[in-house]
Every structure is written in C-alpha cells, then in structure tokens.
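Since the structure comes first, as structure tokens, the remarks are kept for the end.
Being a predicted model, the structure only gives us computed values, none of them experimental. Labels below follow one simple rule: chain letters A, B, ... track the order of the sequence lines, proteins then strands, and each chain is numbered from 1. Side chains are part of it too, since the values below use all heavy atoms of this structure and drop only hydrogens, waters and symmetry mates.
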Protein chains: 4
Amino acid sequence: MSEARPRRGRPRDTDVDQRVLAAARETIETHGYAGLSVDAVAERAGVAKTTVYRRWPGKAWLVADLTSRLQEEAGLEVTGDIRADLARHTVKIAAGLVAVGPALVADLTAAMANDPEFGATMRARWARRRQLAVEALDQAVRRGEVDPGLDPATVVDQLVGPLYYRLLFTDDPLTPEYAERLVDSVLGPPPHPEGPSHP
Amino acid sequence: MSEARPRRGRPRDTDVDQRVLAAARETIETHGYAGLSVDAVAERAGVAKTTVYRRWPGKAWLVADLTSRLQEEAGLEVTGDIRADLARHTVKIAAGLVAVGPALVADLTAAMANDPEFGATMRARWARRRQLAVEALDQAVRRGEVDPGLDPATVVDQLVGPLYYRLLFTDDPLTPEYAERLVDSVLGPPPHPEGPSHP
Amino acid sequence: MSEARPRRGRPRDTDVDQRVLAAARETIETHGYAGLSVDAVAERAGVAKTTVYRRWPGKAWLVADLTSRLQEEAGLEVTGDIRADLARHTVKIAAGLVAVGPALVADLTAAMANDPEFGATMRARWARRRQLAVEALDQAVRRGEVDPGLDPATVVDQLVGPLYYRLLFTDDPLTPEYAERLVDSVLGPPPHPEGPSHP
Amino acid sequence: MSEARPRRGRPRDTDVDQRVLAAARETIETHGYAGLSVDAVAERAGVAKTTVYRRWPGKAWLVADLTSRLQEEAGLEVTGDIRADLARHTVKIAAGLVAVGPALVADLTAAMANDPEFGATMRARWARRRQLAVEALDQAVRRGEVDPGLDPATVVDQLVGPLYYRLLFTDDPLTPEYAERLVDSVLGPPPHPEGPSHP
DNA sequence: TCGTAATCGAGACGGTACGTCATGTCTTGTT
DNA sequence: AACAAGACATGACGTACCGTCTCGATTACGA
C-alpha cells in the first residue's frame with residue numbers, strides 16, 4: 001500500500017486530517033448539521049479549502065469518514081452463541097447510528113443515491129460487514145442452533161433494516177433494548193435455563 | 001372534511017396541481033432527479049414559480065407529494081388472514097418504493113433530517129399507516145392467530161425497515177418475493193392445513 | 001368634465017380614496033418608504049388591491065396623488081413685487097418638497113423616467129406652474145423691475161432646480177432661508193429703503 | 001494609496017470589471033435601462049453572477065460605477081478666470097448627465113433614497129466635487145473677481161441644480177448653451193474690456 | 001320588484017428580478 | 001509538493017413586488 005513512495009515536495013501536515021474532522025464535528029454540534037459547509041469546516045479547522053479537497057474527494061467522503069470514526073467498529077465477534085453474537089452486533093450498530101445521528105446518515109444516503117461512485121464505495125464497505133453476519137448465521141443454521149427455516153440474509157436485514165428505519169423515519173428512540181428485541185423477534189424467544197418456552 | 005369554507009377570492013386553478021406534478025415526474029424521467037429544480041418544473045408546467053410555492057412550501061414538499069402519488073395507496077386491507085394481509089401490504093410498500101426509486105427516497109430523507117417541520121409532517125403521515133398495521137397485528141395476536149410472544153410494533157418494523165434498507169443501502173433488488181419472505185421470516189412458515197406444496 | 005354620467009351600477013365608496021391615501025402615508029411613516037407596496041397599502045386601508053387599481057393606474061400615480069396632497073398648492077401669487085412673489089413661491093415649493101421627503105420624490109422621478117406616459121403627465125403638471133413663474137418674471141423684466149439682462153426661464157430654473165438638488169443629492173437641509181437666498185442670488189441683493197448697495 | 005497589501009489568494013481577473021461594465025453599457029443601449037438585470041449583465045459579460053456581487057454590493061453600485069465612467073471626469077480646472085472655469089465645469093457636468101441619460105440618473109436617485117448606505121456613499125462622492133467648486137468661487141470672491149455679495153455655495157447649487165432639474169423634470173434639452181447661460185445668470189453678464197459685441 | 005351593471009373583497013396567477021448560498025475548481029504566492 | 005487565501009463558474013434556492021385575473025357578494029338605479 002505504501003510502497004517506498006519517493007514523496008517529493010513538502011510532506012503533508014500530519015494533523016490536518018484530525019483538525020478537519022474535529023472541526024466538522026464541532027460545527028455540527030454548534031451550528032447544526034445544516035451549517036456544515038466545507039467552507040465553514042475549513043475555516044474552523046484553520047485550513048484552506050484546497051487542503052480539504054486534497055484529502056477527500058468531496059463533502060460526502062469527508063462526512064463518511066467522520067461517521068465511520070463516530071461509530072465504534074461494529075465487527076461481529078463470533079463466540080458460538082449466535083443469538084448473543086447477533087444481539088451484541090445489532091446493539092453496536094444501533095449505538096453507532098445514534099452516535100452519528102439521523103442528519104448525517106440521511107445526508108450520506110442522499111449522496112450515495114446521487115453520486116454513483118460514492119454509493120458503490122459505501123455499499124461495498126457495508127456489504128462486507130453484512131456478509132460476515134450472514135455467514136455466521138448460516139453456520140449456526142447448519143449447526144442446528146437456530147430454526148432451519150430461516151433465511152440468513154433475510155434475518156440479517158431484519159436486524160439492521162429496522163435500525164435505519166427507526167432512526168430516519170420514525171420518532172421512536174433507537175435503544176439497545178429495541179435492538180435486542182429485534183433479535184428475539186426473528187430468532188424466537190431465548191431459551192431459559194429454568195422453564196423454557198416449550199416445556 | 002372541510003368543504004364548508006366560504007370560498008372567497010379567485011378559486012385555484014384546479015389543474016395546476018396536476019400540471020406541476022406531471023411536469024415534475026417528466027423532468028425526473030428525462031433529466032434525472034438531480035435535474036429537478038423548481039424553476040424547471042414551473043417552466044415545464046407552464047406555471048409561474050410563485051404559483052408552485054403557493055401550493056407547496058418548498059421543493060421537498062412538492063417531491064413528497066409526488067412520491068405519495070407514485071405509490072399506490074398502501075392502505076392495509078384487513079381480511080382476517082393476518083399473514084396474507086401483511087404480505088399484501090408489504091408487497092405494496094415495496095412496489096411503491098421501487099416505483100419512486102432510491103434517489104427520491106434518499107433525498108426526501110435528507111430533507112426530513114434538515115427541515116424539522118417537514119420531517120415531522122412526513123413522519124406523522126407514515127405513522128398512521130404504521131399504526132394501522134400494528135393494530136391489525138395486535139388483534140391477530142389476541143385472536144391467537146400468531147405467536148403471542150411477538151411484539152406487533154417490532155414485527156412491523158421488521159417488515160418495512162428492510163424494504164428501505166434494501167432500497168437505499170444494498171445492491172440487492174427489492175422484489176415482491178423478498179417482501180413475502182420477510183413476512184414468513186418473522187411470523188414463521190405458513191401453516192398448510194390442506195396439502196402442502198410438496199407432500 | 002362630469003357630463004350627466006348615467007352612473008349605473010353600484011356607486012363608488014366615497015371615502016376609499018381617503019383611506020388609501022391615509023394608509024399610504026401611515027405605511028411610509030411606520031415602515032419607511034421601502035415598505036410601501038400596493039399590497040401593504042391596500043391591506044392597511046382595509047381595501048382590496050383591485051379597488052386601488054380601479055382608481056389609480058399604478059403605484060406611481062398613487063404616490064403622485066399622495067405627494068400633491070402633501071404639498072400645499074404652490075400657486076404663484078402675483079402682487080407686483082416680483083422679488084417677494086418669487087421668494088414666497090420658492091419657499092412654498094421648498095416646504096412642499098420637505099414635507100414629501102426625498103424618498104417619494106426620488107421614486108416618482110424614477111417612475112417618470114421609466115414610464116413615458118406617467119412622465120409626460122407629471123412634466124405637464126409642473127410645466128404649468130413653471131410657466132406662470134416665468135411669465136410673471138418676464139413682465140417684471142419688461143416693467144424694468146429687475147435686471148433686463150436676465151433670462152426669465154433660466155432664473156426660474158435657478159430657483160427651483162437647487163431645491164430638488166439639495167433634497168436629493170446633498171446632505172444639506174432645505175430651509176426657507178435657503179430658498180430666499182436663492183432669490184437674492186439671482187436677482188441681486190434686495191434694495192434697502194435707507195442706504196442702497198450702491199450709494 | 002493602498003498598494004502595499006500582501007496580495008494573498010488568487011488575484012482578481014483584471015478585465016472582469018471592464019467586461020461587466022461594458023456588458024452593462026451594451027445592455028442599456030440595446031434593451032434599455034429597464035432591461036438591465038444583474039443576471040443579464042453577468043451572462044453577457046460571460047461572468048458568474050456571484051462574481052458581479054463580489055465586486056459591487058448590488059445593482060445600484062454597479063450602475064453608479066458605470067455612470068461615473070460615462071461622465072468624463074468633471075474635475076474643476078482652475079485657471080484664474082473663475083467665470084470661464086465655472087462655465088467649463090458646468091458644461092462638462094451637463095454633458096456627463098446627458099451622456100448618462102435621465103433613466104439612469106433617476107434610478108440611481110431612487111436607489112440613493114432607498115438604500116441609506118448607498119445614498120451616503122454617493123452624496124459623499126459628489127460632495128467633494130461640489131466643495132472644490134465652492135472653494136474656487138470663494139477665492140474669486142475674495143480676489144474681488146466677482147460680486148462680493150454672492151454666496152459661493154448657493155451659486156454653485158444654482159449652476160448644478162438646474163442641470164439635474166432640466167434632465168429629470170422638464171422636457172427642455174440640456175445643452176452647453178444652457179449651461180453657459182446659467183453662469184451668466186448668477187455671475188452677471190461677462191465684462192467686455194476690449195470691444196463688446198454690440199457697442 | 002326585479003334585473004342589470006358597476007363596486008368591492010379576497011386571493012390566485014404570470015412575470016421578473018433580486019440577493020444568497022454551497023460546491024468544487026483554479027490561480028496565485030509562500031513554506 | 002503542500003499549503004493559505006481567495007477568485008471563479010455553476011446552479012438552485014426562496015422572496016418580493018407588480019399588475020391582471022376571476023370569483024362571489026354587495027349595492028344602487030332603472031324598467
């Protein structure tokens with residue numbers, strides 16, 4: 001990736017990325033998302049607009065970068081207990097979405113729909129995460145850990161889709177409990193040590 | 001509902017709405033969603049821009065109106081067979097979303113997030129539809145038609161949420177089959193009283 | 001002028017003119033001249049915009065009407081003492097201009113320049129007043145009352161022109177003293193009973 | 001005066017000013033003053049509207065700039081013969097006003113009355129010119145070159161005021177002869193040291 | 001007394017321009 | 001090269017007037 005690069009000329013100021021991203025976050029906090037213009041961010045970061053565009057191809061990419069740092073990495077941990085794994089995963093994603101907030105997500109969505117290249121990139125990024133969850137679930141199905149009638153891809157959509165839906169299209173809060181309820185809803189109620197649902 | 005108003009002043013030209021909406025639809029079809037400016041729509045409709053703004057507070061409201069007409073009215077029909085009712089409903093919503101297309105949906109989403117008033121209005125509009133489905137499912141639960149462990153609101157989210165999710169965030173197509181699969185996935189496989197498909 | 005007119009139909013509401021003009025004056029006082037729109041005036045007068053346009057061909061004509069009522073009729077009184085007559089006349093015009101104010105005058109000026117018909121009408125209206133002054137002065141010249149080298153038309157312009165000039169283009173106030181000074185300046189200093197300027 | 005500025009950022013395209021002003025002049029010539037919109041000028045100049053607004057705060061300022069270039073610089077030349085100096089000056093101003101035309105002048109006047117800041121700026125600009133003439137005349141008075149009873153400021157108003165008055169409020173033409181007649185009218189007929197025209 | 005004609009209130013409508021905002025590119029001089 | 005500064009093209013936004021129009025509801029006069 002970083003092949004010896006001869007790197008002629010003045011080297012890049014290393015903390016510019018941080019300053020810009022911080023400025024973006026602060027701008028959103030103080031002036032709301034609507035006030036997030038590249039000009040404003042650059043000025044707040046004490047950086048020229050040119051410098052911003054040298055690092056990110058456009059506003060959408062900058063925002064995408066910002067959001068991916070706001071979310072903790074929602075990598076799926078596979079422990080063998082698929083229900084718990086999915087629950088943790090779903091809760092993490094929900095938390096990430098809440099941290100980022102509806103405005104950012106919505107704007108990125110619009111950018112994805114209007115800029116094909118950006119859309120493809122973002123979709124690919126998320127596809128990987130989704131694929132991991134699907135595979136884990138698929139293996140659990142094969143292991144007989146969950147109802148064999150379930151389609152793994154559909155189930156995963158039914159875990160993640162409602163998160164975005166709630167965030168963007170309803171007034172209801174996106175809580176960890178909600179995320180867990182989603183898991184129970186598709187996988188069926190969890191078995192209890194004492195007194196299972198089907199005695 | 002409010003047909004009793006005294007009707008003062010010059011009445012609105014009845015087909016202006018139609019002309020504007022038609023012009024908007026045509027503009028999107030020919031120039032893509034990105035080319036949809038209020039100026040362009042007004043000109044194409046043979047109408048003054050001010051006339052457009054008299055009827056719709058802004059571009060977003062016009063587009064929202066347009067989309068709600070592009071979707072067939074996804075009113076939930078209650079027949080007593082909740083599974084079939086929900087399936088039909090979900091398929092309809094999916095078809096509506098496909099008809100409207102990701103770009104429109106995404107942009108409206110962004111508008112909702114940036115204009116609080118618009119967001120509130122749209123959310124309220126959809127909340128009604130959602131409420132109907134929740135209530136129908138709730139009654140089916142009480143009737144014992146479906147698993148009593150299911151939370152109606154969560155289930156409905158798991159039917160509708162994935163539709164938006166697929167449309168906006170994945171490359172996978174949004175088909176009627178997918179919509180039906182969602183129903184089966186949360187409600188469990190359909191019972192086969194008289195002869196299953198593969199006996 | 002008012003030839004027997006059959007006067008069919010509903011007669012005009014007699015005090016509408018007054019109400020509209022009053023509303024115009026009030027609007028200027030409270031919202032400044034910039035806020036003087038026909039809509040605003042009509043609303044304030046409790047009158048429909050149509051009604052305004054039925055009486056005045058356009059905004060400029062309304063404003064012209066308003067100004068002519070703000071100025072007291074500056075008809076030239078001829079007493080035989082041309083210097084005193086012109087002084088009184090000039091002072092009256094100055095007072096009228098001050099009462100009307102620069103904004104109104106300026107806007108009427110612009111309207112005159114942009115609407116030929118309106119311009120012609122207004123010019124004709126003032127031409128009469130000007131002609132009277134010129135004739136009075138001309139007779140005084142013939143009577144030997146003033147310097148025979150003076151051109152009456154030029155002198156009158158040098159009395160009235162500076163009034164508009166001061167009002168519109170300088171910061172200096174338009175006082176009665178200034179108006180009188182103008183007369184002295186062109187006609188030479190007034191003769192004194194005891195001790196003339198050239199003993 | 002301020003040529004010492006560090007010159008940061010991309011320098012302004014030097015001929016943009018020229019192109020815009022030329023476009024404005026041409027637009028007025030072809031489409032009349034009424035057709036002078038900032039949009040039209042910008043397009044004709046091959047320049048973005050924003051670029052116009054970067055240089056001139058608004059339409060009025062642009063037009064004002066244009067007019068000041070249409071008038072040849074009416075700086076007062078002081079030769080010692082005050083009568084000739086003032087005559088030349090007055091003729092120049094008259095010529096400038098004619099070149100600019102009543103419509104422009106009238107509209108600028110209206111702009112001055114409606115936008116206080118613009119008005120103040122324009123008044124200040126002209127005040128300098130006026131002050132110069134007043135001072136020159138004042139010195140001539142002290143030198144005994146003209147009637148000591150004359151008030152310099154009043155006289156200057158009586159030279160310039162009638163020019164505007166004729167241009168804007170009468171149908172009479174604004175000729176050089178008229179301008180010269182104004183001078184004779186206030187200063188008295190010119191002395192004929194060596195042989196008058198009609199002895 | 002009843003119809004006819006004009007007035008009035010209300011507000012829709014076409015038209016035109018305004019000034020603003022944000023994106024992303026480009027052009028300087030400076031480090 | 002990277003960087004700061006800022007000019008520039010582009011394109012849309014929403015607003016404000018103007019003057020015209022189309023309704024329904026009045027209000028007189030004349031047949």
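- By the 4.5 Å heavy-atom criterion applied to side chains, A:I28 and A:L66 are counted as neighbours.
- Crowding of D:E43 atom CD: a count of heavy atoms from other residues, nucleotides or ligands under 6.0 Å not exceeding 12.
- Of the residues near DNA chain E, D:A60 and B:T14, the one whose nearest nucleotide (by heavy atom distance) lies more toward the 5' end is B:T14.
- The nearest whole Å value for the distance from the CZ atom in D:R8 to the C1' atom in E:dT27 is 16 Å.
- Residue-level contact check: A:D39 touches the bases, meaning some heavy atom is under 4.0 Å from a base atom.
- Contact annotation: B:R55 side-chain N/O to E:dC13 OP1/OP2 distance is under 4.0 Å.
- Note on B:G35: nothing from the nucleic acid sits closer than 4.0 angstrom, heavy atoms only.
- Between the C1' atom of F:dC17 and the CG atom of C:L36 lies a distance of 12 Å, rounded to the nearest Å.
- Across E:dG24, F:dA9, F:dG14, the shortest atom-to-atom separation from the side chain of D:T51 is found for F:dA9.
- Taking atom CZ on C:R12 and atom C1' on E:dT7, their separation rounds to 8 Å, with Å as the unit.
- Considering D:M112, D:R123, D:M122 as possible partners of C:F169, the one that fulfils the side chain to side chain contact (heavy atoms under 4.5 Å, CB included) test is D:M112.
- Rounded to an integer number of Å, the gap from C:E43 CD to F:dA16 P is 13 Å.
- For the pair C:A48 and B:G46, both in contact range of DNA chain E, the more 5′-proximal nearest nucleotide belongs to C:A48.
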Just do the side chain to side chain contact (heavy atoms under 4.5 Å, CB included) check on C:Y33 and C:T27 with the steps written out, would you? CA-CA 8 Å; C:Y33 179 76; C:T27 302; over 6 Å; no
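- Taking 4.0 angstrom as the limit, B:R54 places a side-chain polar atom (N or O) nearer than this to OP1 or OP2 of E:dC13.
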Test side chain to side chain contact (heavy atoms under 4.5 Å, CB included) applied to B:T30 and B:R44, step by step: CA-CA 12 Å; B:T30 58; B:R44 175 163 212 149; 3.7 Å; yes
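- We find that CH2 of D:W61 is positioned 15 Å from C1' of E:dG19, with the value rounded to whole Å.
- Only one option out of B:V38, B:V47, B:D15, B:D65 pairs with B:V20 in a side chain to side chain contact (heavy atoms under 4.5 Å, CB included); it is B:V47.
- Regarding B:D107, its CG atom lies at a distance of 13 Å from the P atom of F:dA12, rounded to whole Å.
- Residues C:S37 and A:R19 both approach DNA chain F. Their nearest nucleotides, taken by heavy-atom distance, put A:R19 toward the 5′ side.
- Look at NE2 on B:H31: it is 15 Å from C1' on F:dA12, rounded to the nearest Å.
- Rounded to whole angstrom, the span from the CZ atom of A:R44 across to the P atom of F:dA5 amounts to 17 Å.
- In this structure, D:E117 places its CD atom where only 12 or fewer heavy-atom neighbours from other residues, nucleotides or ligands lie under 6.0 Å away.
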Distances under 3.5 Å between protein N/O atoms and the N/O atoms of nucleotides 20-22 of chain F, please, pair by pair.
unit_1: F:dC21; atom_1: O2; unit_2: B:R10; atom_2: NH1; d: 2.9

